[in-house]
Amino acid sequence: MSNLKASNVHMEDAEKVQRIINEFVKGGTEKLQVISDFDMTLTTPNDEYGPCQSCYNALDSSKFFPSIYQQKAEKLKDHYYAIEIDPYLAIKEKIPYMVEWWTKAHDLLIEFNLRKEWLPQIVKESRIIFRKGCDWLFQQLNRLQVPLLVFSAGIGDVIEETFKSRSKLYDNLKIVSNFIHFNDEGLIDGFEGELMHVFNKNENVIHRSGYFEEIEHRHNIILMGDSLGDLQMADGAICENILKIGFLNDKVDEFLERYKKSFDIVIVNDPTMSVPNSIIAQVCEAIETKMADGVKVNDVTNANATSNGSVIGDAA
Ligand SMILES: Nc1nc2c(ncn2[C@@H]2O[C@H](COP(=O)(O)O)[C@@H](O)[C@H]2O)c(=O)[nH]1
Ligand SMILES: [Mg+2]
């Protein structure tokens with residue numbers, strides 16, 4: 001398992017991380033929930049075969065569309081992605097441009113008649129790739145019935161198709177994203193609900209859907225994202241302990257200090273899920289030890305803390 005002391009893993013306050021993880025052990029899996037972004041968080045920006053794709057990228061490059069569509073979509077991405085990751089623009093300055101980008105991208109999909117039946121093939125041919133270790137993560141969370149909320153400004157239909165074809169639509173999984181509305185002939189005629197872009201994940205329907213209320217006893221949260229906008233995903237959840245894990249994949253020098261102040265753990269240029277997995281594995285191991293020994297929670301935590309220095313552990 002990945003070593004939290006690896007040079008590409010940064011923690012502003014390792015003791016705070018330790019304290020949060022110890023609280024996770026005390027609370028047990030019945031009080032835990034995971035909230036994760038999708039593009040470039042559960043999926044990887046690159047792998048051994050080169051750059052990978054986001055949901056929209058996969059649509060942008062699909063052969064179902066004429067080249068004029070691809071050119072237009074690419075032009076939008078080239079213009080707006082630079083704004084999204086501009087380290088010198090404040091988030092509030094970026095928001096109008098993100099609304100423009102998502103609106104134009106959606107209008108383009110409608111103009112070029114996206115069809116529902118294309119989606120399985122688009123995903124099959126895409127380079128939307130889950131980070132190595134996601135299989136273990138999804139299976140572990142499902143086995144322990146820990147809810148996994150995938151909160152994405154991507155395309156919900158593509159995310160669902162990716163889980164179906166490259167993993168499994170587990171029963172503890174909930175996807176909140178931009179879902180396409182198809183008419184009776186399976187032709188796109190709009191999008192469901194409010195537009196979700198990368199910087200408005202705090203004010204969305206999920207916060208009014210009652211989802212967080214349904215699981216309000218799960219006030220220990222692991223939040224994972226690749227964008228500063230992802231930090232808002234847990235807004236509205238009843239939260240006592242939250243561990244914020246950030247994947248920094250782009251403009252590392254410009255963003256590292258800001259990420260370190262915003263996320264509890266920052267993982268730089270790692271195409272795998274091994275750091276979150278090492279934490280979840282050790283929390284589950286400590287919890288299962290507690291169950292097996294029937295030992296009072298604080299004893300287990302202390303025992304773990306003394307035996308290997310920390311629940312996080314040195315080697316992983
Ligand atoms: N190639 C395109 N990428 C796009 C477009 N609109 C958004 N995006 C990217 O998607 C992610 C959001 O997904 P999330 O799961 O990370 O929330 C965002 O970071 C954008 O870079 C588009 O039209 N084309
Ligand atoms: Mg993302």
Side-chain angles (χ1 to χ4, degrees), residues 1-21 23-24 32-47 52 54 81 84-91 94 98 129-134 137 141 148-154 176-177 196-202 220-237 239 241-283 312 316:
M1 287 190 207
S2 170
N3 181 343
L4 278 179
K5 289 188 167 48
S7 58
N8 69 320
V9 179
H10 303 266
M11 288 184 277
E12 195 76 347
D13 183 345
E15 283 176 18
K16 177 190 170 195
V17 171
Q18 174 77 58
R19 281 197 304 276
I20 296 170
I21 291 176
E23 288 306 317
F24 287 172
L32 190 63
Q33 60 170 303
V34 178
I35 303 174
S36 179
D37 165 59
F38 183 77
D39 284 321
M40 309 307 146
T41 298
L42 291 181
T43 62
T44 179
N46 49 58
D47 64 6
C52 295
S54 68
Y81 183 63
E84 177 188 346
I85 61 167
D86 184 324
Y88 306 107
L89 278 177
I91 284 181
K94 298 181 179 184
M98 297 300 104
I129 308 292
F130 280 121
R131 287 175 185 268
K132 278 193 177 63
C134 269
L137 175 65
L141 295 179
L148 169 60
L149 170 62
V150 174
F151 203 160
S152 168
V176 172
S177 185
M196 190 185 306
H197 57 76
V198 71
F199 296 124
N200 74 344
K201 294 188 181 182
N202 61 329
N220 290 337
I221 299 173
I222 295 175
L223 178 147
M224 300 194 292
D226 72 292
S227 160
L228 291 170
D230 293 330
L231 288 160
Q232 301 174 329
M233 292 189 293
D235 291 7
C239 169
N241 302 289
I242 182 164
L243 184 65
K244 298 174 184 174
I245 300 175
F247 287 94
L248 182 50
N249 313 305
D250 218 340
K251 296 197 180 271
V252 175
D253 294 342
E254 295 89 336
F255 276 108
L256 182 56
E257 285 316 308
R258 220 173 311 178
Y259 272 54
K260 282 165 68 176
K261 296 225 172 330
S262 310
F263 292 95
D264 300 304
I265 301 174
V266 182
I267 304 159
V268 176
N269 292 335
D270 179 346
T272 75
M273 198 44 88
S274 57
V275 171
N277 283 358
S278 64
I279 291 170
I280 290 173
Q282 295 191 31
V283 167
I312 296 178

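- Residue pairs meeting the salt bridge (Lys or Arg N to Asp or Glu O under 4.0 Å) criterion with at least one partner in residues 256-265, sequence neighbours excluded, are Glu12-Lys261, Lys16-Asp264, Glu257-Lys260.
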Could you pull out all donor-acceptor pairs under 3.5 Å where a side-chain atom in residues 227-236 meets a protein atom, sequence neighbours excluded?
from   : atom 1 : to     : atom 2 : distance (Å)
Ser227 : OG     : Gly229 : N      : 3.0
Asp230 : OD1    : Lys201 : NZ     : 2.8
Asp230 : OD2    : Asp226 : N      : 2.9
Asp230 : OD2    : Ser227 : N      : 2.9

With side-chain contact (heavy atoms from CB on, under 4.5 Å) as the criterion, how do Ile222 and Ile35 come out once you've worked through the C-alpha distance, each side chain's angles and the decisive distance to 0.1 Å?
CA-CA 6 Å; Ile222 295 175; Ile35 303 174; over 6 Å; no
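- Looking at Leu223 and Ile245, their side chains never come closer than 4.5 Å, going by heavy atoms from C-beta outward.
- To the nearest 0.5 Å, atom CD of residue Gln33 and atom CD1 of residue Ile221 are 4.5 Å apart.
- Side chains of Asp86 and Tyr81: no donor on one and acceptor on the other come within 3.5 Å.
- Going from atom CZ of Phe38 over to atom CZ of Phe130 covers 4.5 Å, rounded to the nearest 0.5 Å.
- When all heavy atoms are compared, the tightest approach of Asp37 to Gly225 is CB-CA, 4.0 Å.
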From CA spacing to verdict: side-chain contact (heavy atoms from CB on, under 4.5 Å), Leu149, Ser36:
CA-CA 6 Å; Leu149 170 62; Ser36 179; over 6 Å; no
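- Summarising the geometry, atom CD belonging to Gln18 is positioned 11.0 Å from atom CG belonging to Leu243; distances are rounded to the nearest 0.5 Å.
- Taken to the nearest 0.5 Å, the NZ atom of Lys132 stands 11.0 Å off from the OG atom of Ser274.
- If you take CG on Leu42 and CZ on Arg131, they are separated by 8.5 Å, rounding to the nearest 0.5 Å.
- The closest side-chain heavy-atom distance from Met273 to Met224 is below 4.5 Å.
- With contacts defined as side-chain heavy-atom distances shorter than 4.5 Å, the pair Leu137/Ile280 qualifies.
- Met196 and Val176 get closest at one heavy-atom pair: CE-CG1, 3.6 Å.
- One finds the NE2 atom of His197 at 8.5 Å from the CE atom of Met98 (value rounded to the nearest 0.5 Å).
- Every residue two or more places apart in sequence or in another chain was checked for a side chain to side chain donor-acceptor pair (under 3.5 Å) with Asn269, and none qualifies.
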Run the side-chain contact (heavy atoms from CB on, under 4.5 Å) test on Val268 and Asp270 for me, step by step, so that the C-alpha distance in whole Å, both residues' side-chain angles and the decisive distance to 0.1 Å come before the verdict.
CA-CA 6 Å; Val268 176; Asp270 179 346; over 6 Å; no
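- In plain terms, the two heavy atoms of Asn220 and Glu23 that are nearest each other are ND2-O, 3.6 Å.
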Go through the steps for Ile265 and Val17 under the test side-chain contact (heavy atoms from CB on, under 4.5 Å), then give the verdict.
CA-CA 8 Å; Ile265 301 174; Val17 171; 4.0 Å; yes
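- In this structure the side chain of Asn277 never reaches within 4.5 angstrom of the side chain of Val275, judged on heavy atoms.
- Across Ser152 and Ser177, no two heavy atoms sit closer than the pair O-OG, 2.8 Å.
- Counting heavy atoms from C-beta on, the side chains of Lys94 and Phe199 come closer than 4.5 Å.
- When all heavy atoms are compared, the tightest approach of Thr44 to Cys52 is O-CB, 3.1 Å.
- The backbone N or O of Met40 lies less than 3.5 Å from a partner atom in the side chain of Asn249, making a donor-acceptor pair.
- Using a 4.5 Å heavy-atom threshold, the side chains of Cys239 and Ile242 count as touching.
- Residues Phe255 and Leu248 share a closest heavy-atom pair of CB-CD1, 3.8 Å.
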